[in-house]
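Contents: one structure, followed by commentary.
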Protein chains: 2
Amino acid sequence: MATGRSHTERTRGIPEATVARLPLYLRALTGLSERSVPTVSSEELAAAAGVNSAKLRKDLSYLGSYGTRGVGYDVEYLVYQISRELGLTQDWPVVIVGLGNLGAALANYGGFASRGFRVAALMDADPKLTGKMIAGQAVRHVDELESVVRENGVSIGVIATPAGAAQEVTDRLVDAGVTSILNFAPTVLTVPEGVDVRKVDLSIELQILAFHEQRKAGDGLPPDAEPPASGPGISGAMVRRRPSSAPKSDREPGVQPA
Amino acid sequence: MATGRSHTERTRGIPEATVARLPLYLRALTGLSERSVPTVSSEELAAAAGVNSAKLRKDLSYLGSYGTRGVGYDVEYLVYQISRELGLTQDWPVVIVGLGNLGAALANYGGFASRGFRVAALMDADPKLTGKMIAGQAVRHVDELESVVRENGVSIGVIATPAGAAQEVTDRLVDAGVTSILNFAPTVLTVPEGVDVRKVDLSIELQILAFHEQRKAGDGLPPDAEPPASGPGISGAMVRRRPSSAPKSDREPGVQPA
DNA sequence: AGGCCTTTGTGAACGTGTGCACAAAGGCGA
DNA sequence: TCGCCTTTGTGCACACGTTCACAAAGGCCT
Ligand SMILES: NC(=O)c1ccc[n+]([C@@H]2O[C@H](COP(=O)([O-])OP(=O)(O)OC[C@H]3O[C@@H](n4cnc5c(N)ncnc54)[C@H](O)[C@@H]3O)[C@@H](O)[C@H]2O)c1
Ligand SMILES: NC(=O)c1ccc[n+]([C@@H]2O[C@H](COP(=O)([O-])OP(=O)(O)OC[C@H]3O[C@@H](n4cnc5c(N)ncnc54)[C@H](O)[C@@H]3O)[C@@H](O)[C@H]2O)c1
């Protein structure tokens, strides 16, 4: 779901898990930089980023040998090196497609521009939205999508349309030349090789939390678990039953009728 | 970042990676169910969920032996089993704290309620927002946080406040009894053992995309890479230089002056 | 009733990620 | 100048996740 590349092809040596943490380090470093802290040890920086220090050191070691033993890392220098590795020393024009509740919130989000991501255009299919000013920018009609992408050299698209429209929007973005997509719609996108898709899915996150929550609050699954197949079922109104014959194993050991 | 549990302690056998995919399968299955498809093969379901079929089968095998060889999986039955495993057969009251752009969008989001997550309360610190109706619900003041959590038995909190307020809100949520937090603020939260935090961070996702984008568009890092330390630098105005003496290795092999 | 053909469930091999623990580096104070 | 003490960078072992490939299961058609 992350890269879309053939998996054996490692990204010039930097592990994906490391790449995903670099922005975290960068944020922590930026904080230190603002407080004019000149150097940090791996221990301190790791604490600020919420990881353990061995992992941090290993991650940084993929970028190069940028620390000084006995001292730590130079904050400014490391900010620069990580920024460069992440491609943040250049400007990335972005289009947001779909300006409903979420799209509008995204457009208004300050942290967007703060890291080299520039909102090049806001696009929606609803003619009533066309021309509306959001975050100091007029919403344009999706018909202009291709020209906007080409003229601005947009390579990153953000999708905040309903799920039903997401694949179509994706196809158009890709045709126009976009090669990275951040998808907020709860749907699986199909893209050609070489196009990266990342998804943000609120509902999935909540479901994962619910799973762990269930574990924490009184272990054991909820009541209606597969009843032990002992003789004919007492109640025919069991919420849902196995479609046909009894299964071989049902996880809970439970006495099987041999 | 996901669980907060000691790592050796596996969650009653279901791997975390599998848990994270179950909601995906559930969504695909729900779609099939709505179209009254009675059974699916692992191949079909995997395609719908965007994973490969071996992975899907292994994932489902952790739940139990719910398929029929030669036929596939009964859609309704599997929907039920996954829902139960994820804890979606019960209702999860949720509070949203911070009703700015993002919080309001979340409150208005339909996909929230659709899976057993009920928005029990909307809370903000801004007195001007108190009483304002959002998504059919009056915003309440954060002062009421503790009582709202206790009265509604809320165990999941969603944080959509500015980063600066997130830790304080977290502490209060946790004190009041919340044990799962979904954090949208770009900051690292510290929580006691037993509390799960998941974060959604737009900015990190974009940075990861930028990284891969940079790789795709003309490989090799941006121009200003550490210049090969050959003699005295030509331009003193190099954007940023190593703080002190030259490093041992700088990743790019590059000729080192012995 | 029997055999065929599809599809599951899983053992085993492999790849990726994590964390420990320590040798070597190197600044800094004496 | 020398040695000490902190902190990096990394080899190694282990845990976790992914994928392959196939035996066994079991419906279904003849
Ligand atoms: N609101 C949230 O908090 C939230 C959270 C998670 C996921 N999502 C998902 O994000 C997406 C947007 O959510 P929302 O609440 O903003 O929905 P919304 O209905 O408020 O907005 C959707 C917007 O997309 C536009 N649109 C529809 N088809 C389009 C097309 N083909 N091209 C361009 N624009 C098009 C609509 O005109 C509308 O303005 C949905 O898929 C939703 O499931 C939303
Ligand atoms: N808008 C986005 O698309 C977006 C995207 C990613 C991340 N974020 C993050 O989500 C958070 C919210 O973003 P936003 O755009 O909605 O900001 P916002 O400023 O519009 O809203 C923040 C809200 O939080 C309230 N608040 C402040 N302190 C509070 C406290 N102690 N208790 C309760 N409420 C408090 C404020 O009154 C305000 O209503 C921020 O941390 C932001 O970085 C936003």
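Residue numbers start from 1 in every chain, and the chains themselves are labelled A, B, ... in the order their sequence lines are given, proteins ahead of strands.
In this structure, Lys55(A) reaches the dG19(C) phosphate: one of its side-chain N or O atoms is under 4.0 Å from OP1 or OP2. Residue Ser65(A) has a polar side-chain atom (N or O) positioned under 4.0 Å from OP1 or OP2 of dG9(D). One finds no side-chain N or O of Arg57(A) lying less than 4.0 angstrom from the OP1 or OP2 phosphate oxygen of dT18(C). At least one side-chain nitrogen or oxygen of Tyr73(B) sits closer than 4.0 Å to the OP1 or OP2 atom of dG9(C). At least one side-chain nitrogen or oxygen of Ser42(B) sits closer than 4.0 Å to the OP1 or OP2 atom of dT8(C).
Between Asp74(A) atom CG and dG27(C) atom P there is a gap of 13 Å when expressed in whole angstrom units. Atom CG in Leu56(B) sits about 8 Å away from atom P in dT8(C), given to the nearest Å. The separation between Leu63(A) atom CG and dT8(D) atom C1' is 14 Å, rounded to whole Å. Per the geometry, CG belonging to Asp59(A) stands 8 Å off P belonging to dT18(C), to the nearest Å. Between Glu43(A) atom CD and dC20(C) atom P there is a gap of 11 Å when expressed in whole angstrom units. Counting to the nearest Å, the C1' atom of dT10(D) and the OH atom of Tyr62(A) are 10 Å from each other. Distance, Leu60(B) CG to dT10(C) P: 11 Å, rounded to whole Å. If you take CG of Asn52(B) and C1' of dG9(C), they are 15 Å apart, rounded to a whole angstrom.
You won't find any donor-acceptor pair under 3.5 Å spanning the side chain of Lys58(A) and the base of dT18(C), going by distance alone.
Thr170(B) is not listed as a side-chain neighbour of Asn183(B), based on a closest heavy-atom distance of 4.5 Å or more.
Ala54(A) comes within 4.0 angstrom of a nucleotide base, judged by non-hydrogen atoms across all strands.
The closest donor-acceptor contact from the side chain of Ser33(A) to the backbone of Leu29(A) lies at 3.5 Å or more, if one exists at all.
Side-chain atoms of Arg69(B) lie closest to dA23(D) of the nucleotides dG27(D), dG17(D), dA23(D). In this structure, the nucleotide among dT7(D), dT18(C), dG27(C) sitting nearest to the side chain of Ser41(A) is dT7(D).
A donor-acceptor contact under 3.5 angstrom links the side chains of Gln207(A) and Ser203(A), judged on distance only.
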For residues 185-192 of chain B, which side-chain donor-acceptor pairs fall under 3.5 Å, sequence neighbours excluded?
none

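Nearest-nucleotide assignment on DNA chain C puts the 5′-proximal partner with Gly72(B), out of Gly72(B) and Thr18(A).
Scanning all heavy atoms of the two residues, the minimum distance from Ile204(A) to Ala20(B) falls at CG2-O, 4.0 Å.
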